[in-house]
Amino acid sequence: MNYVDLQVNGHYGVDFNSDDWSIEHLESVCEKMKQNGVRKFLATLITDDFERMETRIRRWSAALQQSERLREVVVGLHIEGPFLSHEEGFVGAHPPQHTCNGSIDLAKRLYDAGEGWIRLITMAPERDAGMKAISWFASQGVLVAAGHTNASRDWLVQACDAGLSGFTHLGNGCPHTVQRHDNIVQRVLSLKERFWVSLIADGVHLPRWLLRLFIDVIGMDRSIIVTDAISAAGLGPGTYQLASREVEIDESGISRCKEGVYLAGSTATMRQCENVLVEVGFSEDQRRQLLSANALTVLGQSAETAER
C-alpha cells in the first residue's frame, strides 16, 4: 500500500527542525520512507523562536526548489505553531515561551519564508483575535487546521467560518484531565461535519479502542491517519532531538520530553500505523482511505499521485 502522511517531523535520525541537515540527508530520508511505502508527505516544522522558524522554513523552501528527488516525495510544509495555546497540557511538547498570538503580519512573514511551499498550518483559534490570520492563510490557499487548542465551541465555529478546514491529532495536545461535559474533544466531535480530523495511529497516542471509536464517529471520509513521526522513527531507543528539545525513546518506542511528562511526536512508521488499523478491524479498502486517499483529497491531489 502507498501512504500519504500529513505530519512528519523527521525520520531515520534526521530532525527536520534542526539547523544542520543537508539536502543529501533529506534525500536519503525520503528514499528510506519510499521503501517503507510512503509516497507523499508534508515535512512538519514546529514552534520555536519566530525568526528561527522563518530561517528553517526558508531553508526547506530552498531545498525543495533545488532538489527534484525531494519534490517527488515532499509535497510541501506543515507549520505546527507558533500560534498555539500556551496552557499546560494543551501546548504539549511545544515550548510555551515561543507560542504567540496570530496576526496577519506574522502570517505573511511565515508565508513569504515558505515561497509557496506551506500547504498546512496548525493554529489555536483562541490565539487569533478576529480569526484574521486564519482567514488570511485560507485566502492564500493554505489549509488551516486547529490543534494544541482549548478553543470554545463558538470559537471553533467562528474559525470554520473564517476558513478553518481541519483538526490536528485529535485526542492529543490536550491535558490528561479535562471538563466532563465540555472539552476540546467533545467540541470537535460535535462539529465533525465542518472539518477533516487527523489521528495518530501508533497505538500509543490513542488507545486502540478509542482510535476505532473516533473514526466511527468522525466518519471514514473525514478521518486521516498521521504518524507525527520524529527523527527517532525507524530507529531504536535513545536520546534524540526535536527542534530545541531533547526527547527520550524507551524500549517500547514511546517518545517523551526529557522531563518525562508529555509525548513528543512518535517513532511510528505508516506501516506500523496500518498494522494498528488491521488490529482494530479496518478492511484493506478502509485502510487505503485512511492512510492515503483522504489525505490526497485534502491536498487536492488524485489517488494516482500516490502511485507514482
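Both backbone and side-chain heavy atoms feed into the values below; hydrogens, waters and symmetry mates do not.
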Examine the side chains of [X] and [Y] and answer whether a donor and an acceptor come within less than 3.5 Å of each other.
X	Y	value
E87	H148	no
Q179	D182	no
H25	S28	no

Q97, CD atom: more than 12 neighbouring heavy atoms under 6.0 Å: yes
Over 12 non-hydrogen atoms of neighbours within 6.0 angstrom of CD in Q65: no
Under-4.0 Å salt bridge between R212 and D216: yes
Carboxylate-amine/guanidinium proximity below 4.0 Å for D19 and R59: no
Pair D112-R58, salt bridge (charged side-chain N to carboxylate O under 4.0 Å, His left out): steps then yes or no: CA-CA 9 Å; D112 289 345; R58 286 195 191 95; over 6 Å; no
Audit row: F167, W196, ring pair (Phe, Tyr, Trp, His ring centres under 6.0 Å) steps and yes/no: CA-CA 6 Å; F167 195 93; W196 53 267; 9.2 Å; no
Salt bridge (charged side-chain N to carboxylate O under 4.0 Å, His left out) evaluation trace for D105 with K108: CA-CA 5 Å; D105 286 344; K108 287 181 177 179; 5.5 Å; no
Side-chain donor/acceptor of W117 to backbone N/O of A62, under 3.5 Å: no
Option among H86, H94, E80 that satisfies the side-chain contact (heavy atoms from CB on, under 4.5 Å) test with T47: H94
